[in-house]
Asker: 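What follows is a structure written as structure tokens; I'll ask about it next.
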Amino acid sequence: MRWALIGASRIASSYMMDAMRAQGGSILSVLSSDAGRGEDYAREHGIDRSYTDLGTLLEDDSVNAVYISTTNEKHHAQALAAIAAGKHVLCEKPLAMTLDEACEMVRAARDKGVVFATNHHLRNAGSHLAIRELIRSGRIGQVLSARVFHAVSLPEALRGWRINDAAAGGGVIPDITVHDADTVRFHLGEDPLDVVAKAGASGLGQGVEDSVMSVWSMPSGVMVESHESFTHPFAGTGIEFHGTRGSIFARNVMTQEPVGEVTLVDAAGTHAVPFETHNLYEYALGLFRGAVAGKGAPSADGVDGIKSLAVALAVREAAQSGRAVAVDYGGY
Ligand code: NDP
């Protein structure tokens with residue numbers, strides 16, 4: 001893959017560039033809204049060219065894919081421009097600020113015949129692949145309920161737009177609830193029907209929620225409870241699935257690293273579940289590269305990105321209105 005980075009971001013420098021290169025890809029250029037920052041970023045990370053104009057970056061025929069990791073309000077217009085230029089797109093979550101925008105992005109990619117993927121990393125983790133296999137193979141019987149624990153302390157370095165800029169897509173719901181929605185959908189193979197929620201703002205930031213708890217109804221009758229926060233230094237993360245024949249307890253698995261523990265408890269006792277410890281982002285990029293070559297599908301495609309955004313938007317509306325909200329998945 002010959003990549004251009006749209007956004008001189010931390011996620012690109014801390015995870016994605018290494019993963020692209022580990023997958024044999026090259027990174028040809030980066031877009032930044034600030035010429036000086038773009039030049040510094042390119043120099044520091046061994047990227048040949050930096051641009052401030054997206055159109056100029058996209059004119060480069062040697063680039064065949066873009067990775068969009070700007071703040072959330074920019075994803076929509078940048079994705080549409082990249083798609084129009086015939087580039088394959090890996091876009092960060094949440095895909096967009098609204099469902100209509102996300103649907104427009106996915107439709108545009110479909111019409112143009114380019115691959116469009118959403119960077120939901122958790123479903124690439126060996127831990128989550130093992131959990132899904134346990135559920136699919138019937139090891140816990142009929143699933144009754146799920147619990148997601150994803151309350152963390154937002155690192156100091158990330159306490160910018162995420163906690164004080166609603167217009168840039170800040171807030172814990174677009175930041176973390178989208179990932180949890182994707183992960184639960186991945187495990188259960190179904191989409192939430194409706195949600196109720198309560199959100200809180202502790203004063204960490206301004207104008208956006210920093211904690212939320214929600215309950216989702218699934219078509220099969222499974223009930224899901226999910227907790228996301230930026231303010232919990234010691235809570236730890238995890239996910240649980242409880243079924244008629246067993247329960248899965250996974251700890252420290254809602255993370256960017258290939259770590260954690262997965263335990264199955266059933267009538268025969270308590271079993272440690274082994275799993276692969278590959279790099280989550282490299283795994284996703286391998287599937288993306290395959291999809292571009294016409295082999296298979298990306299890990300999370302555009303529709304997965306639409307659906308995780310739809311759940312997150314419903315959770316926010318439910319928290320703001322105090323009512324149950326049916327999840328609207330839009331017209332993709
Ligand atoms: P950053 O805050 O690091 O970068 C976002 C934008 O902020 C950049 O595009 C850049 O603008 C600008 N920026 C960066 N550094 C500075 C600076 N020092 N001064 C001023 N502006 C700066 O964002 P993240 O990497 O945390 O997140 C980017 C996207 O990736 C979001 O959509 C987020 O939701 C997603 N994300 C996904 C993760 C995953 O695992 N899937 C994990 C983390 C984030 P410019 O490009 O114009 O220079």
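Order of appearance sets the numbers: ligands from 1, and atoms from 1 within every ligand.
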Asker: Look at atom 7 (O) of ligand 1 and say which protein heavy atom is nearest, naming residue and atom and giving the distance to 0.1 Å.
Answerer: Thr71 CG2, 4.4 Å
Asker: Report yes or no: do Thr70 and Gln78 form a side-chain donor-acceptor pair below 3.5 Å?
Answerer: yes
Asker: Which of the numbered atoms in ligand 1 are under 4.0 angstrom from any heavy atom belonging to Ser33?
Answerer: 45 (P), 47 (O), 48 (O)
Asker: Is a side-chain N or O of His227 found less than 3.5 angstrom from the main chain of Met213, in a donor-acceptor match?
Answerer: no
Asker: Check ligand 1 against Asn119 and write out every atom of the ligand that is under 4.0 Å from a heavy-atom position of the residue.
Answerer: 41 (N)
Asker: Mind checking whether Tyr281 has a heavy atom under 4.0 Å from ligand 1?
Answerer: yes
Asker: Within a 6.0 Å radius of atom CZ on Arg323, are there more than 12 heavy atoms belonging to other residues, nucleotides or ligands?
Answerer: no
Asker: Is there a heavy atom of Gly160 sitting under 4.0 angstrom from any atom of ligand 1?
Answerer: no
Asker: Could you tell me which non-hydrogen atom of Lys93 sits nearest to which non-hydrogen atom of Pro174, and how far apart they are?
Answerer: CE-O, 3.8 Å
Asker: Test the Arg132-Phe186 pair against the cation-pi criterion, namely NZ or CZ under 6.0 angstrom from the six-membered ring centroid and within 45° of the ring axis.
Answerer: yes
Asker: Heavy-atom contact check, 4.0 Å cutoff: does His120 meet ligand 1?
Answerer: no
Asker: Any chance you could lay out the side-chain hydrogen bond (donor to acceptor under 3.5 Å, both in side chains) test for Glu190 and Ser220, step after step, and finish with the verdict?
Answerer: CA-CA 8 Å; Glu190 58 180 347; Ser220 64; 2.6 Å; yes
Asker: Tell me which protein heavy atom sits closest to atom 28 (C) of ligand 1, plus the residue, atom name and distance to 0.1 Å.
Answerer: Ser69 O, 3.1 Å
Asker: Mind checking whether Tyr15 contacts ligand 1 via backbone (N, CA, C, O), side chain (CB onward), both or neither, at a 4.0 Å heavy-atom cut-off?
Answerer: neither
Asker: Between His121 and ligand 1, find which residue part has any heavy-atom pair under 4.0 Å and reply side chain, backbone, both or neither.
Answerer: side chain
Asker: Going by the rule side-chain hydrogen bond (donor to acceptor under 3.5 Å, both in side chains), which residues pair with Arg185 if we only count those two or more places apart in sequence or in a different chain?
Answerer: Asp191, Asp304
Asker: Students should be able to answer this: which protein heavy-atom is nearest to atom 3 (O) of ligand 1, and at what distance?
Answerer: Arg10 N, 2.8 Å
Asker: May I ask you to identify, for Tyr41, whether its side chain, its backbone, both or neither come under 4.0 Å of ligand 1 on a heavy-atom basis?
Answerer: neither
Asker: Taking all heavy atoms of Tyr332 and all of Ile306, pick out the closest pair and write down the distance.
Answerer: CB-CD1, 3.4 Å
Asker: Evaluate whether atom CZ of Arg251 has more than 12 neighbouring non-hydrogen atoms of other residues, nucleotides or ligands under 6.0 angstrom away.
Answerer: yes
Asker: Against heavy atoms of Ser32, which atoms of ligand 1 measure under 4.0 Å?
Answerer: 45 (P), 46 (O), 47 (O), 48 (O)
Asker: In the protein, what heavy atom is nearest to atom 23 (O) of ligand 1, and what distance, to one decimal place, separates them?
Answerer: Trp161 NE1, 3.7 Å
Asker: Against heavy atoms of Asn72, which atoms of ligand 1 measure under 4.0 Å?
Answerer: 31 (C), 32 (O), 34 (O)
Asker: Run down the list Glu92, Met16, Gln256 and name the one with the heavy atom closest to atom 35 (C) of ligand 1.
Answerer: Glu92
Asker: Would you please determine whether Leu280 falls within less than 4.0 Å of ligand 1 on a heavy-atom basis?
Answerer: no
Asker: What I want to check is whether the side chains of Glu209 and Ser211 have a donor and an acceptor closer together than 3.5 Å.
Answerer: no
Asker: Taking the ring of Phe116 and the ring of His88, is the distance between their centroids below 6.0 Å?
Answerer: no
Asker: Counting from 1, what ligand 1 atoms have a heavy atom of His75 closer than 4.0 Å?
Answerer: 32 (O)
Asker: Of the choices Glu73, His179, Lys93, which has the non-hydrogen atom that lies closest to atom 33 (C) of ligand 1?
Answerer: Lys93
Asker: State whether the shortest distance between N or O atoms of Ile11 and N or O atoms of ligand 1 falls below 3.5 angstrom.
Answerer: yes
Asker: Check the side chains of His120 and His179 for a donor-acceptor pair under 3.5 angstrom, ignoring hydrogens and angles.
Answerer: yes
Asker: Using a strict 4.0 Å cut-off to heavy atoms of Thr70, name the atoms of ligand 1 that fall inside it.
Answerer: 9 (O), 28 (C), 29 (C), 31 (C), 32 (O)
Asker: Would you say that Met254 contacts Val152 through its side chain, given a criterion of any heavy-atom pair below 4.5 Å between the two side chains?
Answerer: no
Asker: Nearest heavy atom to atom 14 (C) of ligand 1 wins, so pick from Ala157, Ser14, Ala8, Pro94.
Answerer: Ala8
Asker: If you have a sec, work out which protein heavy atom is nearest atom 19 (N) of ligand 1 and how many Å separate them, to one decimal?
Answerer: Arg37 NH1, 3.6 Å
Asker: Any atoms of ligand 1 less than 4.0 Å from a non-hydrogen atom of Gly7? List them with their elements.
Answerer: 9 (O), 46 (O)
Asker: Indicate yes or no for a side-chain donor-acceptor contact from Ser13 to the backbone of Arg10 under 3.5 Å, with no hydrogens or angles considered.
Answerer: yes
Asker: I would like to know whether Ser226 and Glu228 meet side-chain hydrogen bond (donor to acceptor under 3.5 Å, both in side chains); could you show each step before the answer?
Answerer: CA-CA 7 Å; Ser226 194; Glu228 294 85 26; 2.4 Å; yes
Asker: Quick one: look at Arg162 and ligand 1, take heavy-atom pairs under 4.0 Å, and tell me if it's side chain, backbone, both or neither.
Answerer: side chain
Asker: Give the atoms of ligand 1, by number and element, whose distance to some non-hydrogen atom of Leu31 is under 4.0 Å.
Answerer: 46 (O)
